[in-house]
Amino acid sequence: MSLTASQIFAIAVVEGLVTEVSLSGLLQVLYLRHRATKAKAWKDPSYRITSTISIAFNISAISYAIIFMPQFFFVGSNCRAGSMFVNFLSHCTYFTFDCFTCFKTYLYSDGDPRVKWCTIAILSARIGVAALDIYSSYSVWDGNLCNYIQWPASGIAYNTLDIFIDLYCTIVSIQCATKFLEWDFTRIGEIIINENIIRSAVMLGVNLLEIYVSYTVANQYFLFIAYTIQNLAYTRLLNLEGFWIEERHKSYSTPQNETSVFNQLKALAQASSAQDGESTRNYGVGRKGRVVRASVTRVRSKVSVSFH
């Protein structure tokens, strides 16, 4: 079944947005990376890793968006090989996105070895699922169009794994953020929670859409438009890092007594405890307080350097 001109135009518009977001994100990262070479931030390996992953993601996303449209004009001689290459680029984009979120989570955990090994395991599984999908999904030429045949099992597998990876990062990040909510040193805990909840909600929606399309939809237009929506969501989410950078930096200068939603609730709980005769003079003092303060300082330093 051939796509109409209006259908191709609709897909081209979305892919154009993907290219614009990725290109602006790439230029922003390259600028920050150039600026960091003159600062101490460049000496920290976490900064080099995060910026390199971000650059790799945006290059993959741009390449995928550029070649996505020409695949509609593949013919019998290049249909199968060309579509396999397009699929390869798509998995490069999704995998580098997963690497970025996982490495941020590792930084939030203050280098917890359990998070490190869990991250290695799930990213290795993601590579395996990507290889399975590239091998199992293929395209056939019907005389008019190079039709992409998504193997339902691999489509469900890699989208489900992406959902799992995202939820894993969200759960670990929120767990790490709770120690910041417990103390009045910074609002960064609230920022981390907001960032992860928003990302998880969007990721869950687009990946569930992709699972549904992979398993039930045979129409090529709906299959391609689902892919483009997924691409746009991924590029928007990763390149929102610039916004979250500003939010995290603002949180560093937040006065200790500035009220956020979480601190207001905690203040009410403390006031209630004080009325019941419980002493709160030593709140945040002692060995636990010193340990948490030290942890906050280390993580804050890493986040500040890594996403400057």
For the [atom1] atom of [X] and the [atom2] atom of [Y], what is their distance to the nearest 0.5 Å?
X: N147; Y: W141; atom1: CG; atom2: CH2; answer: 9.0 Å
X: I163; Y: L204; atom1: CD1; atom2: CG; answer: 5.5 Å
X: T96; Y: H91; atom1: OG1; atom2: NE2; answer: 12.0 Å
X: C102; Y: K116; atom1: SG; atom2: NZ; answer: 14.5 Å
X: I49; Y: I53; atom1: CD1; atom2: CD1; answer: 6.5 Å
X: T235; Y: L17; atom1: OG1; atom2: CG; answer: 8.5 Å

Report whether [X] and [Y] are members of the same hydrophobic cluster (ILVMFWY, side-chain heavy atoms less than 4.5 Å apart, transitive linking).
X: Y212; Y: Y227; result: yes
X: I225; Y: I67; result: yes
X: I62; Y: F57; result: no

Inset, instruction - Take R114 and S109 through the side chain to side chain contact (heavy atoms under 4.5 Å, CB included) test and state the conclusion after the steps. - result: CA-CA 9 Å; R114 294 170 297 180; S109 73; over 6 Å; no

Within the distance-only criterion (no hydrogens, no angle test), does the side chain of [X] pair as donor or acceptor with the backbone N or O of [Y] below 3.5 angstrom?
X: S51; Y: R48; answer: yes
X: D133; Y: V129; answer: no
X: N87; Y: S83; answer: no
X: S24; Y: V21; answer: yes
X: T101; Y: D98; answer: yes
X: S154; Y: W151; answer: yes
X: S200; Y: I197; answer: no
X: S54; Y: T50; answer: no

Evaluate the side-chain proximity of [Y] to [X]: yes if any heavy-atom separation is below 4.5 Å, no if none is.
X: R236; Y: V202; result: no
X: R126; Y: D162; result: yes
X: Y234; Y: Y94; result: yes
X: S173; Y: E195; result: no

State, to 0.1 Å, how close [X] and [Y] come at their nearest heavy-atom pair, and which atoms those are.
X: N58; Y: G25; answer: ND2-C, 3.9 Å
X: S90; Y: Y64; answer: CB-CZ, 3.3 Å
X: R199; Y: D166; answer: NE-OD1, 2.5 Å
X: L123; Y: F95; answer: O-CE1, 3.6 Å

Inset, instruction - Please report the C-alpha distance between Y138 and Q150 in whole Å, then the side-chain angles of each, then the deciding distance to 0.1 Å, and finally whether the side chain to side chain donor-acceptor pair (under 3.5 Å) criterion is met. - result: CA-CA 7 Å; Y138 57 93; Q150 170 68 63; over 6 Å; no

Inset, instruction - Decide yes or no on side chain to side chain donor-acceptor pair (under 3.5 Å) for T228 and E15, but give the supporting numbers first. - result: CA-CA 6 Å; T228 57; E15 287 299 331; 4.8 Å; no

Inset, instruction - Assess the cysteine pair C79 / C146: is their SG-SG separation shorter than 2.5 Å? - result: yes

Legend entry - Within 6.0 angstrom of Y168 OH, more than 12 heavy atoms from elsewhere: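 Count over threshold, so yes.
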
Inset, instruction - Decide if the gap between the ring center of F224 and the ring center of F68 is smaller than 6.0 angstrom. - result: yes

